[in-house]
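In what follows, a structure is listed as structure tokens, so that the remarks can point back to it.
In what follows, every heavy atom counts, from backbone to side chain, and hydrogens, waters and symmetry copies are set aside. Naming convention: chains lettered A, B, ... in sequence-line order (proteins, then strands); numbering from 1 in each chain.
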Amino acid sequence: MSFDTLGLNPALVKAVADAGYTAATEVQTRSIPLALTGADLMVSASTGSGKTASFILPALERVLAARGDNAKRREKGVIYGPRVLVLTPTRELAMQIAKAAGIYGRHVPGLRVATVVGGVPYPAQIAALRGPLDILISTPGRLLDHLQTGKAVLENVEVLVLDEADRMLDMGFIDDITTIADHVPATRQTVMYSATFAGHVGRLAQNLLRDPQRVDVASHTDTHENIEQRLHWADNANHKNALLDHLLTEREMEQALVFTSTQRDADWLADRLADMGHAVASLHGGMPQGRRNRVLQGLRSRQLKVLVATDVAARGIDVPTISHVINYGLPMKAEDYVHRIGRTGRAGRNGLAVTLAERMDAGMIRRIQQFTTQSIPAKTIVGLEPKSPEPKMFPPRAEGRFDDRRPGGGRPSFGKAPGRGFASKPFATRDGAAPARDARSPFDRAPAGRSEGFAKAPRKAFGDKGGFKAPRARSDGYGR
DNA sequence: AAAAAAC
């Protein structure tokens with residue numbers, strides 16, 4: 001559906017068109033008209049579904065509608081605080097949403113958007129909170145800090161948006177969110193986004209929302225239709241490294257996001273890859289915020305080809321040129337796998353999500369397959385086949401939608417064109433391991449001409465790699 | 001046993 005039928009101000013429709021979007025996504029089509037009525041909303045939408053615009057556009061609509069009030073508000077010399085407050089779990093997400101607000105709000109005269117997140121100096125934030133403000137995007141901790149010191153005023157908030165509510169609860173923000181919500185007028189509109197509304201999130205919704213409308217666009221069992229998933233079994237860390245290097249030097253590799261399980265592994269792996277000549281940096285919560293910002297900027301500007309990150313990057317990061325997501329270390333929760341792979345295949349592009357697993361990871365692989373009710377097809381790369389037999393995997397329990405969607409059995413493998421699925425062998429048994437070089441996939445082309453180990457030719461490296469320490473667990477001395 | 005987030 002087109003944006004101009006959603007009831008949005010032409011200034012917003014124009015900004016959306018300027019940004020290159022023609023059609024609204026499902027979550028936008030369904031939630032924007034509801035949001036414009038002022039109703040409370042519970043929205044479950046998968047990552048990359050255009051979620052941010054679905055709450056930023058109605059927020060901007062409200063800002064536009066209130067333009068007349070602003071002169072009055074500014075005159076009085078009183079701190080009014082924002083009209084719209086958005087809470088997000090991570091700092092990067094907050095800044096990304098702020099950027100989107102700037103883009104969609106470019107034709108909104110005098111729009112003021114501010115972010116309040118941890119890890120950055122206070123004075124600029126305090127100044128921003130004091131000035132006239134339309135939209136405030138914040139992580140809970142720092143905002144609560146400002147509330148306690150009286151620097152943040154939320155008594156004129158009209159719209160409260162909770163993005164990634166399930167994640168914020170996972171991170172222990174329940175009390176912070178409740179306290180912040182207590183500072184916001186009860187007459188507000190509240191919009192809550194979450195992958196699920198079961199358990200704690202549902203209870204929080206009950207406490208914060210009034211007669212909410214529900215918009216269910218996607219569940220975790222839905223396929224990312226434009227993301228091809230693959231599994232490579234590796235004998236050991238050495239083998240995993242060789243597979244990784246192969247993937248990173250594929251011709252189709254535009255930019256890769258490589259996930260590790262720990263901060264230490266992220267630094268370590270980025271350091272090794274830099275030594276190999278990759279334009280790489282790491283990203284994790286243990287890094288100073290300034291450097292986190294620079295790294296993300298390096299990824300966006302495409303100075304970086306490879307980003308090695310912890311799950312801080314699992315949600316929200318929206319960089320359309322990420323062609324590969326590689327799970328070098330598995331996530332701790334199956335749910336996080338779904339968020340990780342959603343970092344590729346964005347803005348209508350195709351993406352490849354490759355999981356490198358050792359035998360000890362078989363349990364997690366099984367849980368992921370169970371969670372998504374899909375199996376991840378196991379593949380091999382010529383010259384890099386695992387020497388030990390693959391773990392025996394059992395098919396995930398097929399639930400309703402799984403069968404409903406593909407009556408013939410099997411899942412689409414890449415894109416939507418017929419005949420691309422692996423219809424006859426939907427499960428990753430040893431027999432089901434398909435040849436790696438499958439010419440039907442855009443990611444499968446002729447071998448790069450190298451069968452093992454890392455590339456030796458030095459290429460351009462990115463950023464510093466200070467503070468690197470080899471992890472004790474890695475005594476196998478791969479590579480060199 | 002991880003990561004994230006306030007100082």
Protein-nucleotide distance (A:Phe173, atom CZ; B:dA3, atom P), rounded to Å | 16 Å
May I ask you to evaluate whether A:Thr262 reaches the phosphate of B:dA1, defined as a side-chain N or O under 4.0 Å from OP1 or OP2?
-> no
Nucleotide of B:dA2, B:dA4, B:dA5 approaching A:Thr139 most closely (side-chain heavy atoms) = B:dA5
A:Tyr328 atom OH is separated from B:dA2 atom P, nearest whole Å, by 17 Å
Less than 4.0 Å between a side-chain N and a carboxylate O, is that true for A:Asp170 and A:Lys333?
-> yes
Is a side-chain donor or acceptor of A:Thr344 paired with a backbone partner of A:Ile322 at a separation under 3.5 angstrom?
-> yes
Select base, sugar-phosphate, or nothing to describe what A:Gln148 touches, counting heavy atoms under 4.0 Å on all strands.
-> base
Touch class at under 4.0 angstrom, heavy-atom based, for A:Tyr122 against every strand present = sugar-phosphate
Using a strict cut-off of less than 4.0 Å between a Lys/Arg side-chain nitrogen and an Asp/Glu carboxylate oxygen, indicate whether A:Asp163 and A:Lys51 qualify as a salt bridge.
-> yes
Taking NZ, NE, NH1 and NH2 as the nitrogens, is one of them in A:Arg302 or A:Glu254 under 4.0 Å from a carboxylate oxygen of the other?
-> yes
For B:dA3, does either OP1 or OP2 sit under 4.0 Å from a side-chain N or O belonging to A:Arg91?
-> no
Would you kindly give the CZ-to-P distance between A:Arg340 and B:dA4, to the nearest whole Å?
-> 11 Å
When we call it a touch if two heavy atoms are under 4.0 Å apart, what does A:Gly119 touch: a base, just sugar-phosphate, or nothing?
-> sugar-phosphate
Nucleotide nearest A:Met332 (side chain, heavy atoms from C-beta), chosen from B:dA2, B:dA5, B:dA3 | B:dA2
Using atom CG of A:Leu143 as one end and atom P of B:dA5 as the other, report the distance to the nearest whole Å.
-> 15 Å
Inspect the contact between A:Asp134 and A:Arg62 and indicate whether a charged nitrogen and a carboxylate oxygen are less than 4.0 angstrom apart.
-> no
Is any side-chain N or O of A:Thr310 closer than 4.0 Å to OP1 or OP2 of B:dA4?
-> yes
In whole Å, what is the span from the CG atom of A:Asp166 to the C1' atom of B:dA4?
-> 13 Å
Taken to the nearest whole Å, CE/A:Met171 to P/B:dA2 is 17 Å
Between B:dA3 atom C1' and A:Arg264 atom CZ, what is the distance in whole Å?
-> 15 Å
For atom CE of A:Met168 and atom C1' of B:dA5, their distance in whole Å | 11 Å
